[in-house]
Amino acid sequence: MVETDELFIRDDPIFVNKELLEINHLPDEGRIVGRDEEIKLLANAVNPAIFGQSPSNILIYGKTGTGKSLCAKHVSQRLVDAAGGEGVTAAFAYVDCAQDTTETQAVQTIASSFNGPETDVNVPDKGISTATYYKRLWRILDESYDVVLIILDEIDKLADDAILMQLSRAGEAGKLTDCKIGVVGISNKIRYKDRMDERVKSSLCEREFVFPPYDASQLGEIMEARRDAFREGVLDGGVIPRAAALAAREHGDARKAIDILRYAGEIAQSTGAERVQEGFVTDARKRAETDRFRELIRGSTPHSRYVLHALTVLSLNEPGTDGFRTTAIYDLYEEVCRQDGAESLSLRRVRDLLKEHAFLDIIEQSRHSGGSAEGSYTRHRLLEDPDVVRDVLVDEV
DNA sequence: TTTCCACGGGAAGTTAAGGCGG
DNA sequence: CCGCCTTAACTTCCCGTGGAAA
């Protein structure tokens with residue numbers, strides 16, 4: 001036990017184990033809720049690996065917070081353990097493609113995570129060519145493993161398909177002699193497959209799974225499993241059901257549901273309330289949304305925000321419309337620029353900025369055509385709550 | 001059918017900022 | 001510290017698109 005220092009308050013009146021509500025906290029085995037079927041199917045697809053045979057390559061789709069990464073990691077870990085029991089040396093690597101967007105960065109991450117002290121291969125952080133990273137990766141794999149799984153999370157954030165091509169053909173091309181590779185791609189864009197190279201598509205998508213959003217009762221269970229984060233009896237009975245209902249109605253995103261729960265606790269903390277009350281949930285949701293959105297647009301350029309600002313104003317003025325066309329947004333955008341004393345960018349550039357927002361799922365684009373001499377055009381619809389966007393944009397100045 | 005029009009987006013070029021070896 | 005190279009952000013030019021009107 002750690003010695004207690006009287007100077008600091010150690011008795012948090014609300015939380016006892018707040019880590020349980022942090023985003024990177026992974027539940028233990030058996031605490032994964034409502035994904036039994038998915039886990040079984042995933043396990044089935046990679047099952048050959050425990051005998052040292054090639055596992056199927058997998059593509060997992062599903063919106064954020066549906067447990068994709070969680071299940072992929074969970075199944076991979078169990079596979080590695082099970083294979084060990086059969087005398088097969090297995091391992092898995094996890095790559096967050098949002099962080100390693102280029103081919104080189106991704107290979108580097110894979111190679112260094114498989115590399116151990118027992119190999120005589122050195123994988124430097126940088127300084128060698130992509131081809132060299134591959135060569136070293138193949139050597140590490142052949143020397144140390146019978147079979148490996150490579151999880152590529154947020155695979156749609158990759159700049160190109162090159163690494164998928166390399167990984168999927170490593171065996172055929174004779175780069176690897178002993179080791180087998182299984183690739184687990186994770187994407188939250190259902191349409192990701194459409195723009196994949198045909199050759200990659202056929203080999204990578206041997207098995208596909210779609211993870212549905214969680215429903216209210218599952219979200220409730222997920223939060224219930226983290227009740228230990230709070231001091232006993234502090235959490236009012238209505239809080240979790242209310243948060244679950246709210247989260248299920250909007251997105252079915254477990255991560256957001258847990259965020260809501262944490263913020264509700266923080267609101268109780270900061271207002272000095274003794275208990276976390278059901279009434280805190282609404283505010284907690286708003287804070288969760290605001291924080292998440294702030295994070296999403298953190299580091300974006302001023303003009304990127306002006307464009308968003310323009311679309312937000314339009315959405316607030318005419319709620320319920322199915323979107324606004326590019327030129328309407330551009331006109332208002334120019335106005336926003338003038339108010340801010342900034343020179344406006346070209347229409348061409350604004351089109352690209354809108355596309356970037358669409359990529360981040362901040363807005364949704366749809367093509368339309370028709371009208372006299374109007375040809376085809378794009379409509380843009382804000383996916384976020386306009387009030388949240390406005391709040392973030394306003395105090396971000 | 002052809003013409004017309006506003007729009008979409010590819011290609012190539014410019015500029016400023018930042019990292020890197022010497 | 002300097003020259004060299006890469007990258008991000010943005011522009012300019014221009015061709016393709018698709019339905020309505022001629």
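The analysis underlying the following values was restricted to heavy atoms, covering all of them including side chains, and did not include hydrogens, waters or symmetry mates.
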Heavy-atom count check: over 12 atoms from other residues, nucleotides or ligands less than 6.0 Å from A:Q269 CD?
yes

Protein proximity profile, nucleotides 9-15 of chain C - base contact B, sugar-phosphate-only contact S, no contact -, cut-off 4.0 Å on heavy atoms:
SSSB---

May I ask you to verify if any side-chain N or O of A:T378 is less than 4.0 angstrom from the OP1 or OP2 atom of B:dG8?
yes

Below 4.0 Å: OP1/OP2 of B:dC7 and any side-chain N or O of A:T327:
yes

Separation of atom [atom1] in [X] from atom [atom2] in [N], rounded to whole Å:
X      : N     : atom1 : atom2 : answer
A:Q365 : B:dC7 : CD    : C1'   : 13 Å
A:L354 : B:dC7 : CG    : P     : 13 Å
A:Y330 : B:dA6 : OH    : P     : 16 Å
A:R325 : B:dC5 : CZ    : P     : 16 Å

Only one of A:R242, A:Q277, A:R275 passes side-chain hydrogen bond (donor to acceptor under 3.5 Å, both in side chains) with A:D236, and that residue is A:R275

For the pair A:Y306 and A:H303, name the ring-plane relationship: parallel under 30°, tilted 30 to 60°, perpendicular over 60°.
perpendicular

Under-4.0 Å salt bridge between A:K286 and A:D391:
yes

Using a strict 4.0 Å threshold on nitrogen-to-oxygen distance, state whether A:K256 and A:E250 make a salt bridge.
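Looking at A:E250 together with A:K256, the answer is no, because their closest N to O distance does not fall below 4.0 Å.
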
Does the side chain of A:D291 come under 3.5 Å of the side chain of A:Y263 through a donor N or O and an acceptor N or O?
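A donor-acceptor contact under 3.5 Å links the two side chains.
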
